[in-house]
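The structure under discussion appears below in the form of structure tokens.
In what follows, chains carry the letters A, B, and so on, assigned in the order in which the sequence lines appear, proteins first and then strands, with residues in each chain numbered from 1.
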Amino acid sequence: MSDTKAVNTTEEDIILKVEGLKKDFDDKHVLNGIDLTVKRGDIICVIGPSGSGKSTFLRCLNCMEDPTAGHIMFDGEDLADMSVDINVHRQNMGMVFQHFNLFNNKTVVQNIMLAPVHTGKKAFRKLKEKSGYKSVAEIKEKAQKEAMELLKRIGLEEKADVYPSTLSGGQKQRVAIVRALAMKPKVILFDEPTSALDPEMVGEVLDLMRDVAKEGMTMIIVTHEMGFAREVANRVLFIDEGKILESGEPAEFFGNPRNARLKDFLSKVL
Amino acid sequence: MGDFAQKWDRFLKYFIEYGGYKRVQEGLKNTLIIAVLGLLFGILIGTLIAAVRVMPKYKRLPRILNGFCSFYVGFFRGTPMVVQLLLFYYVLLPIIGVKISSVQVSVLVFSLNSGAYISEMMRAGIQSVDPGQMEAGRAVGLSFGATMTMIVIPQAIKNILPTLGNEFIALIKETSVVSFVGASDLYVAFNYIGSNSYEFMVPYIVMAMIYIVMVVIITILIKLTEHYFAKSDRRK
Ligand SMILES: Nc1ncnc2c1ncn2[C@@H]1O[C@H](COP(=O)(O)OP(=O)(O)OP(=O)(O)O)[C@@H](O)[C@H]1O
Ligand SMILES: [Mg+2]
């Protein structure tokens with residue numbers, strides 16, 4: 001199943017283009033040729049059975065796993081090419097994990113500021129005044145201000161100076177999401193962001209994601225929350241055995257699934 | 001016990017009136033310099049080696065570095081400290097024509113030696129940190145090195161503080177071998193007092209007490225440091 005709407009899309013709208021993506025772990029074929037075109041503002045939900053390769057697919061996009069074959073075109077470069085500076089591209093491609101992965105040795109506000117300050121400092125050392133900053137202190141100040149604004153947005157500004165171990169799961173995941181936002185990425189990848197949460201905390205995280213989606217962020221979300229996918233996504237993908245078996249707009253995808261395995265899968269989870 | 005009182009007086013005489021305390025001071029200073037610098041440089045070296053050892057190995061440079069580190073750790077863990085001191089002082093440094101004092105050689109060898117041991121502790125410490133921490137750092141665009149230094153190593157050090165403390169205590173005690181290359185440590189100082197006063201009992205008892213007091217103080221310092229590092233576990 002390839003992308004049905006790719007034909008009437010202009011080049012500038014395309015943020016990410018995946019072609020023939022394959023991933024083997026030793027002799028185990030986990031991804032068997034995935035093609036996907038992602039446009040600015042797309043909210044793509046990825047569903048599929050356990051072990052089908054959803055996480056591996058997502059992790060190949062920002063090269064947390066190095067693809068075995070294929071191309072990942074992003075910002076005019078092929079991320080699958082080992083010679084690109086992947087760290088620069090990852091600054092434009094946020095990631096939110098199932099287990100939050102907040103930095104345990106940093107306070108909440110430091111978690112959010114860390115990467116912006118680090119990349120700001122790096123640019124300042126290289127470009128000096130041309131980086132747009134006058135001093136390292138200014139970089140920190142700006143990052144801190146933005147971090148506090150993000151915390152205010154999720155209603156956690158009074159938690160700025162505590163360590164992550166003191167937060168609830170829902171709070172941790174919301175901080176992790178704004179930590180990704182702080183880098184002002186072009187795309188954010190979510191790998192089952194609500195799967196590790198107690199049921200009563202799922203709502204607050206989905207609400208924030210809905211909010212981020214409304215602002216026009218491009219998002220690729222692996223999820224088991226079918227209701228959320230149906231409501232928020234503009235495209236849903238079904239992955240099984242490392243292939244996209246079906247892809248479409250949510251109404252059609254859930255209302256009139258064609259692939260037999262998708263039908264079977266939906267009958268089990270819905 | 002009258003005998004002991006006599007010995008004690010004799011010791012005090014040599015310790016204070018004949019200036020033995022100056023040698024003890026000097027010895028204590030050297031012992032501390034060698035142990036403290038050995039620990040600090042050891043942490044530095046050990047951390048670097050541990051980072052090399054946990055680096056992804058599909059590129060050529062990490063593999064070469066890793067081979068070198070294995071050799072280094074193997075050598076320093078596989079030979080006694082005295083042998084290393086003698087080798088450096090009488091063989092290696094003369095061959096390459098470097099002239100440094102025996103205290104400096106001791107600091108060098110203690111650093112290299114503790115670096116080898118600490119690298120193994122640090123590796124275990126790094127492996128005990130949730131891999132998700134490294135992933136999160138890499139995912140926001142930090143390099144392997146930056147994530148290691150800012151995120152993983154601080155957590156690893158926190159995890160291995162008790163073992164680092166033990167290493168420090170071991171280093172303090174092991175300084176008693178530096179006299180082999182002519183550095184004056186506590187042992188040399190008390191031995192000097194003993195041989196001049198023809199009385200070894202009290203000097204050696206006092207020497208043992210000084211070692212014990214140092215170890216107790218260090219143990220307390222470790223506890224305080226652990227408490228400080230535990231702040232990220234505390235609720236606020
Ligand atoms: N690092 C790895 N080494 C070897 N095999 C792996 C590795 N990571 C994943 N796999 C295998 O690849 C397959 C796909 O795993 P993946 O985590 O992508 O599945 P998933 O669709 O995300 O499943 P789930 O819904 O359970 O999260 C699984 O069989 C898994 O065992
Ligand atoms: Mg998964």
Of all the heavy-atom pairs spanning A:Pro164 and A:Phe103, show the shortest one and how long it is.
-> CG-O, 3.4 Å

Roughly how far, to the nearest 0.5 Å, is CG of A:Asn104 from NZ of B:Lys158?
-> 7.5 Å

Between A:Asp85 and chain B, which part of the residue has a heavy atom less than 4.5 Å away: side chain, backbone, both or neither?
-> neither

Heavy-atom distance under 4.5 Å to chain B: side chain of A:Phe97, backbone, both or neither?
-> side chain

Can a cation-pi geometry be assigned to A:Lys122 and A:Phe124, taking NZ or CZ under 6.0 Å from the six-membered ring centre and within 45° of the ring axis?
-> no

Part of A:Leu189 lying under 4.5 Å from any heavy atom of chain B | neither

Top residue by heavy-atom pair count (under 4.5 Å) with chain B, among A:His99, A:Arg59, A:His89?
-> A:Arg59

Among A:Val88, A:Asn62, A:Ile86, A:Leu114, residue most engaged with chain B (heavy-atom pairs, under 4.5 Å) | A:Leu114

Judged by atom type as modelled, is there a donor-acceptor pair below 3.5 Å linking the side chain of B:Ser114 to the main-chain atoms of B:Gly38?
-> yes

For A:Met82, is it the side chain, the backbone, both, or neither that has a heavy atom closer than 4.5 Å to a heavy atom of chain B?
-> side chain

A:His118, part contacting chain B, at a heavy-atom distance under 4.5 Å | side chain

Any side-chain heavy atom of A:Lys54 within less than 4.5 Å of one from A:Glu192?
-> yes

Is it the case that B:Arg77 places NZ or CZ above or below the six-membered ring of B:Tyr117, under 6.0 angstrom from the centre and within 45 degrees of the axis?
-> yes

